[in-house]
Amino acid sequence: MDFAFTPEDEIFRRSVREFAVQRLLPDYRRWDRGEALPREIIGDMASRGFTKLRLPADYGGEGASFTQCGIAAEELSRGDPNVAMLILNPMVVGEIAHLLREEFKGQWLPKIANGAVVGVDSTEPMAGSDAAQLRTTARLKGDYYEVNGEKSSASFTGFMEFSIMFVRTGPSGSRGISCIVVPMDLSGISRQVYRSPGGRATQRGSVFLDDVRVPALNLVGEEGAGFNIMMQQFDFLRPLLGLMGVGAALKSLEETVEYVKQRQAFGQPIAKFEGVSFELAENFTMVEAARLMAYKAFFLKDQGQPIPKEGAMAKWLCIQAALSAIHSCIVLHGHYGYSEELPLELRLRDVLGYEIAEAPPQILKLIISREILGRGFLPHA
Ligand SMILES: Cc1cc2nc3c(=O)[nH]c(=O)nc-3n(C[C@H](O)[C@H](O)[C@H](O)COP(=O)(O)OP(=O)(O)OC[C@H]3O[C@@H](n4cnc5c(N)ncnc54)[C@H](O)[C@@H]3O)c2cc1C
């Protein structure tokens with residue numbers, strides 16, 4: 001057993017952290033206050049290879065391991081977890097690239113490598129955790145699919161250039177679901193960005209599709225394969241979201257260490273009080289345990305093993321530990337913590353969104369218990 005990153009991973013980690021803290025952190029609050037995330041930041045992310053970590057090498061991909069993807073997600077989140085989120089969906093594109101038509105690969109993969117923003121959209125008003133119930137239809141009409149419906153809670157709604165979308169091409173249930181790439185400039189598409197408590201930089205919202213004609217060659221894989229494609233992506237997206245929480249939490253804890261060493265009360269630094277130092281000790285311990293679980297999941301994934309249980313466990317524990325740690329950091333800063341002067345409350349709002357995205361805790365526990373007890377003990381088996 002070896003808990004160390006390779007020297008190459010360590011160099012990568014340091015360089016991502018430097019970028020996150022110097023380039024992203026100073027502006028973290030701006031995108032929360034309504035200013036749109038500027039193209040140049042996305043371009044900066046792309047020029048450093050973050051948007052092509054797992055794209056095929058023929059299209060400029062970096063050949064990153066899942067462990068390195070985890071490092072990128074964690075470290076970028078020290079600066080801005082919402083900007084970190086930009087790297088997730090291009091990884092999905094990398095995983096499904098072998099299922100894309102050649103015409104599509106040449107057209108879109110170089111754009112993604114250069115920072116074109118992509119969504120991955122399954123959720124609908126009446127289908128979230130139970131994604132097999134999605135209703136957006138795609139009917140084949142000659143050389144195009146006519147798509148009708150609504151995708152809800154879609155990250156990057158405000159500025160994504162295309163969406164990897166899950167649609168119904170067949171009968172009800174999971175077997176009737178297909179995956180199709182929808183360019184967002186097609187006629188019949190409209191978008192509505194929500195007013196969200198956090199994650200505002202990602203402009204989450206609804207995408208409405210009204211008789212949208214999507215070229216048939218944009219189908220990913222075969223008709224009816226969509227549900228499996230969707231589930232395979234969740235395996236690694238979940239620990240990535242967990243590590244985003246960890247990055248935000250560790251940065252908050254480190255800021256709090258500095259604060260409690262210099263803040264005085266009752267004639268001494270508050271760090272001397274066990275009520276303060278033990279709380280930090282507990283939170284560092286829990287966040288580190290969660291972090292290791294996420295990297296264990298990626299270690300297994302890099303060995304080619306499926307990680308439904310490990311990925312779900314990691315996301316659940318990471319987000320729990322991160323929310324608890326950031327909450328503590330706010331309280332340990334006293335009234336200064338409960339203010340927009342510091343990034344702590346913003347991190348809490350952002351990480352709360354990640355608790356729901358890609359499966360809330362109840363669904364994660366359903367997956368973990370399914371893997372422990374067997375499918376026959378699912379409530380809906
Ligand atoms: C910040 C953020 C970003 C997101 N980005 C995207 C995106 O880019 N693309 C996309 O497609 N979706 C996205 N989502 C949507 C997200 O994936 C869904 O919110 C999530 O899958 C849950 O679905 P739901 O909201 O419909 O909740 P529901 O499925 O309605 O669940 C509501 C509650 O009931 C619980 N519940 C449901 N079924 C069970 C059960 N069997 N047992 C126990 N409890 C259960 C859930 O855990 C939850 O607490 C995002 C959400 C957030 C918050």
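Counting starts at 1 for both ligands and their atoms, in listed order. All values derive from a computational prediction rather than experimental measurement.
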More than 12 foreign heavy atoms under 6.0 Å from CE of M126: is that the case here?
no

Output yes when E75 and R13 qualify as a salt bridge under the 4.0 Å nitrogen-oxygen rule, no when they do not.
yes

Under 4.0 Å between a Lys/Arg side-chain N and an Asp/Glu carboxylate O for K296 and E310?
no

Does the side chain of E279 pick up a donor-acceptor pair with the side chain of S328 at under 3.5 Å?
yes

Note every protein N or O atom lying under 3.5 Å from an N or O atom of ligand 1, pairing the names and giving the distance.
{"unit_1": "ligand 1", "atom_1": "5 (N)", "unit_2": "S153", "atom_2": "O", "d": "3.1"}
{"unit_1": "ligand 1", "atom_1": "5 (N)", "unit_2": "S155", "atom_2": "OG", "d": "2.8"}
{"unit_1": "ligand 1", "atom_1": "8 (O)", "unit_2": "S155", "atom_2": "N", "d": "2.9"}
{"unit_1": "ligand 1", "atom_1": "8 (O)", "unit_2": "S155", "atom_2": "OG", "d": "3.3"}
{"unit_1": "ligand 1", "atom_1": "9 (N)", "unit_2": "V120", "atom_2": "O", "d": "2.9"}
{"unit_1": "ligand 1", "atom_1": "9 (N)", "unit_2": "D121", "atom_2": "OD1", "d": "3.3"}
{"unit_1": "ligand 1", "atom_1": "11 (O)", "unit_2": "S122", "atom_2": "N", "d": "2.8"}
{"unit_1": "ligand 1", "atom_1": "11 (O)", "unit_2": "S122", "atom_2": "OG", "d": "3.4"}
{"unit_1": "ligand 1", "atom_1": "11 (O)", "unit_2": "T123", "atom_2": "N", "d": "2.9"}
{"unit_1": "ligand 1", "atom_1": "11 (O)", "unit_2": "T123", "atom_2": "OG1", "d": "3.1"}
{"unit_1": "ligand 1", "atom_1": "12 (N)", "unit_2": "T123", "atom_2": "OG1", "d": "2.7"}
{"unit_1": "ligand 1", "atom_1": "12 (N)", "unit_2": "S153", "atom_2": "O", "d": "3.4"}
{"unit_1": "ligand 1", "atom_1": "14 (N)", "unit_2": "S153", "atom_2": "O", "d": "3.2"}
{"unit_1": "ligand 1", "atom_1": "14 (N)", "unit_2": "S153", "atom_2": "OG", "d": "3.3"}
{"unit_1": "ligand 1", "atom_1": "17 (O)", "unit_2": "E358", "atom_2": "N", "d": "3.3"}
{"unit_1": "ligand 1", "atom_1": "23 (O)", "unit_2": "S129", "atom_2": "N", "d": "3.3"}
{"unit_1": "ligand 1", "atom_1": "29 (O)", "unit_2": "S129", "atom_2": "N", "d": "2.9"}
{"unit_1": "ligand 1", "atom_1": "29 (O)", "unit_2": "S129", "atom_2": "OG", "d": "2.6"}
{"unit_1": "ligand 1", "atom_1": "47 (O)", "unit_2": "Q362", "atom_2": "OE1", "d": "2.9"}
{"unit_1": "ligand 1", "atom_1": "49 (O)", "unit_2": "Q362", "atom_2": "OE1", "d": "3.3"}

Who passes side chain to side chain donor-acceptor pair (under 3.5 Å) against S152, sequence neighbours left out?
none

First locate atom CZ of F66, then atom CD1 of I71, and finally report the distance between them rounded to the nearest 0.5 Å.
13.5 Å

